[in-house]
Amino acid sequence: MAAARVRTRFAPSPTGALHFGSVRTALFAWLAARHAGGDFILRIEDTDQERYIPGTEALIIETLNWLGLDFNEGPEVGGPHDPYIQSLRIATYREHADRLVADGNAYWCTCTPARLAQMRDAQRARSEPTRYDRHCLTRQAEVARERASGMAAVVRLRMPDGVSEWDDVVRGHVSFANADIDDQVLLKSDGFPTYHLAVVVDDHLMEISDVIRSDEWIPSTPKHLALYAAFGWDAPRFAHVPAVLGPDHQKLSKRRGARNVLEYGELGYLPSAIVNAIALLGWSSGDEQEVFSPQELCERFTLERVNAAAAVFDPKRLDDLNGIHIRRMSVDDLVEALEFHLPGTSKETRRLLIPMLRERMVTLADATRLCAPLLGEVTVDPGVEFPPKKVDQATAVAMIDVCIEAVEEGGLDDQAALLERIRAVAEGAGVKSRDAFRVLYVAILGTPAGLPVIEAMAFLGKDQSLQRLHQARARLG
RNA sequence: GCCCGCAUCGUCUAGCGGUCAGGACACCACCCUUUCAAGGUGGUAACCGGGGUUCGACUCCCCGUGCGGGUACCA
């Protein structure tokens, strides 16, 4: 078979916002496609009306767009295999189910949920695997009459004998004894397909070359293989990626509080940092590079290098990467990105602030806190010691006085000269400059730590700086 | 119950029979320094257990243990 074009898809069910687990699966599928110069497709798997949460579809698209995981085909953008929403493709599944029944690879079943439950209990009691006992397979004529009289019925896959096996891109060789596998329901009594039928039909029709999905699907892959065989289709490559675990080592899930990825945007995380962080959850480059732009990831990523073990998401790692990605941004990009976190500021103002901020942000949201004393009034927090620790009254007074004097005389243009003059006073007082300078930080910023104080004064201007210095001086009595 | 998968520092990982078991995050120390950061240097810290195979196992095989997943007319 000729090397087919690589086509991957992300196929979420619209049951809620995306968290890091689902997004990572999407990312791997996107990276695999982009690495190969192939196509990435978004398909919505909404075959369960009961679990459907309205609005989720738009949320998923927004998340993908925000992260930069662009899709070539899917809802809204369309494509050659439109529609990309399964609830709009019901007739297709129905036709395929009929074909399976006609060929003897599937059969109708009218067993009630109660009988099924009873059957499973009995099997369990006998230490047997739970699977359908094919009661209806042996009475198809009767089942046909029951259906004609309006009895609820489903179509079940007739699981063939033998062994199902495949070479999983991340797991290696995997095999199952078909005898342990259930005759899966393919068409529900409401006429909707189950995941199993829909996914196989769509992946084939949409020419998906690599099925990349979370590893909870491993046990049902034999059913899918049986379906490909029954239809006479070639099966795609399968890559089952491991789960992403929370700090409790439990799989990330919507209940249990896994966060909507979009919330990280509001918190000041960069899409590129998130992409970098989750790519590292299970994938490694093979050399020692760990900071990647999305572009670099596309170049370097291969499914073969995805680890098979589940990974615990570490927020500290994201923080680190986010700071690095922020520092790698251009000033122009930061001016834009900071608009949300420094509301009411002009581009020029943000441009002035960025050199001070850059090395100090873990998230963009830190800008709000860091810049507050420069964009508003200094607040005198009674919890802040003044004079600070290790600095006596006299030294504090001297520091403020020299600063006032220097600013009045020399202004704020020559920051180096200003710094020298102040430092000389600290040294003369025999106090470490690291301690003495805190006096100025509290005076100007209201806290002993923050943006560099001389640059901060330059930003505030002479009048405002002097006013704050005099205010502080007054507090010292 | 039955089936499947996974197993290296606290966390993410490299390793694909012979390494002082490497890197990153976090943590600690020091340096730099106008605070805080950023940056630099160094440090603490790991092969789940037991059997094999082999001259030699983190690496291959088996068993156990732990964890995860599946076992639905949910995906």
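Because the structure is predicted, anything quoted here is derived from the model rather than measured. Each chain gets a letter, A, B and so on, in the order the sequences are listed, and its residues count up from 1.
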task = Compute both the distance and the angle, then confirm whether A/Arg156 meets the cation-pi test with A/Tyr132: under 6.0 Å from the six-membered ring centre, within 45 degrees of the axis.
result =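 Because its charged atom sits under 6.0 Å from the ring centre and within 45° of the axis, A/Arg156 does stack over A/Tyr132.
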What's [X] touching, base or sugar-phosphate or nothing? Going by heavy atoms closer than 4.0 Å.
{"X": "A/Arg51", "result": "base"}
{"X": "A/Val154", "result": "base"}
{"X": "A/Arg358", "result": "nothing"}
{"X": "A/Arg421", "result": "nothing"}
{"X": "A/Ser214", "result": "nothing"}
{"X": "A/Leu281", "result": "sugar-phosphate"}
{"X": "A/Gly323", "result": "nothing"}
{"X": "A/Ser189", "result": "base"}
{"X": "A/Cys403", "result": "nothing"}

Between [Y] and [X], do the side chains contain a donor N or O and an acceptor N or O under 3.5 Å apart?
{"X": "A/Asn178", "Y": "A/Ser164", "value": "yes"}
{"X": "A/Arg259", "Y": "A/His19", "value": "no"}
{"X": "A/Arg438", "Y": "A/Ser433", "value": "no"}
{"X": "A/Asp190", "Y": "A/Gln49", "value": "yes"}
{"X": "A/Thr368", "Y": "A/His341", "value": "no"}
{"X": "A/Glu146", "Y": "A/Thr110", "value": "yes"}
{"X": "A/Asp168", "Y": "A/Trp166", "value": "yes"}

inquiry  = So if I define the base as every atom that isn't primed, P, OP1 or OP2, how would nucleotides 63-72 of chain B read as a B/S/- string at a heavy-atom cutoff under 4.0 Å?
reply    = -----SBSSS
note = Letter by letter from the 5' end, nucleotides 19-32 of chain B scores (B base, S sugar-phosphate only, - none; protein heavy atoms under 4.0 Å) ---SBSBS------
Tell me the partner of [N], counting only Watson-Crick (N1-N3 plus N6-O4 or O6-N4) or G-U wobble (N1-O2 and O6-N3) with both under 3.5 Å; none if nothing fits.
{"N": "B/C27", "answer": "B/G43"}
{"N": "B/A7", "answer": "B/U65"}
{"N": "B/G18", "answer": "B/C55"}
{"N": "B/C2", "answer": "B/G70"}
{"N": "B/U33", "answer": "none"}
{"N": "B/A75", "answer": "none"}

Nearest-angstrom distance from the residue atom [atom1] of [X] to [atom2] of [N]:
{"X": "A/Gln86", "N": "B/A75", "atom1": "CD", "atom2": "P", "answer": "9 Å"}
{"X": "A/Arg126", "N": "B/C3", "atom1": "CZ", "atom2": "P", "answer": "15 Å"}
{"X": "A/Phe10", "N": "B/A75", "atom1": "CZ", "atom2": "P", "answer": "16 Å"}
{"X": "A/Glu359", "N": "B/U35", "atom1": "CD", "atom2": "P", "answer": "15 Å"}
{"X": "A/Glu50", "N": "B/C74", "atom1": "CD", "atom2": "P", "answer": "7 Å"}
{"X": "A/Phe313", "N": "B/U13", "atom1": "CZ", "atom2": "P", "answer": "13 Å"}

Determine the interatomic distance between [atom1] on [N] and the same-named atom on [M]; round to the nearest Å.
{"N": "B/C48", "M": "B/A7", "atom1": "P", "value": "10 Å"}
{"N": "B/A37", "M": "B/G70", "atom1": "C1'", "value": "48 Å"}
{"N": "B/G18", "M": "B/A38", "atom1": "C1'", "value": "42 Å"}
{"N": "B/A14", "M": "B/C60", "atom1": "P", "value": "13 Å"}
{"N": "B/A21", "M": "B/C67", "atom1": "P", "value": "30 Å"}
{"N": "B/C16", "M": "B/A57", "atom1": "C1'", "value": "13 Å"}
{"N": "B/A45", "M": "B/C9", "atom1": "P", "value": "14 Å"}
{"N": "B/G40", "M": "B/C32", "atom1": "C1'", "value": "8 Å"}

Counting only side-chain heavy atoms from C-beta out, which of [options] sits nearest to [X]?
{"X": "A/Arg438", "options": "B/C36, B/U34, B/A75", "answer": "B/C36"}
{"X": "A/Arg171", "options": "B/C74, B/C6, B/U34", "answer": "B/C6"}
{"X": "A/Arg360", "options": "B/U34, B/G5, B/A37", "answer": "B/A37"}
{"X": "A/Asn307", "options": "B/G1, B/C73, B/A14", "answer": "B/A14"}
{"X": "A/Asp180", "options": "B/U34, B/U13, B/C3", "answer": "B/C3"}
{"X": "A/Leu116", "options": "B/C12, B/A75, B/C73", "answer": "B/C73"}

So do [Y] and [X] actually touch side chain to side chain, heavy atoms under 4.5 Å?
{"X": "A/Val200", "Y": "A/Lys223", "value": "no"}
{"X": "A/Phe20", "Y": "A/Tyr264", "value": "yes"}
{"X": "A/Pro452", "Y": "A/Gln415", "value": "no"}
{"X": "A/Arg305", "Y": "A/Ser284", "value": "yes"}

request  = By nearest nucleotide on RNA chain B, pick out whichever of A/Val453 and A/Arg327 is the more 5' one.
outcome  =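 By nearest-heavy-atom nucleotide position, the 5'-most residue is A/Val453.
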ask   = Using a cut-off of less than 4.0 Å, is there contact between a side-chain N or O of A/Lys389 and OP1 or OP2 of B/U35?
value = no
query = Has A/Tyr441 got its ring stacked on the base of B/U35, with centres under 5.5 Å and planes less than 30° apart?
reply =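 A stacking contact exists, since A/Tyr441 sits close and nearly parallel to the base ring of B/U35.
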message = Using the ring pair (Phe, Tyr, Trp, His ring centres under 6.0 Å) criterion, which residues pair with A/Phe437? Sequence neighbours excluded.
response =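 In terms of ring pair (Phe, Tyr, Trp, His ring centres under 6.0 Å), with neighbours along the sequence ignored, A/Phe437 is linked to no residue.
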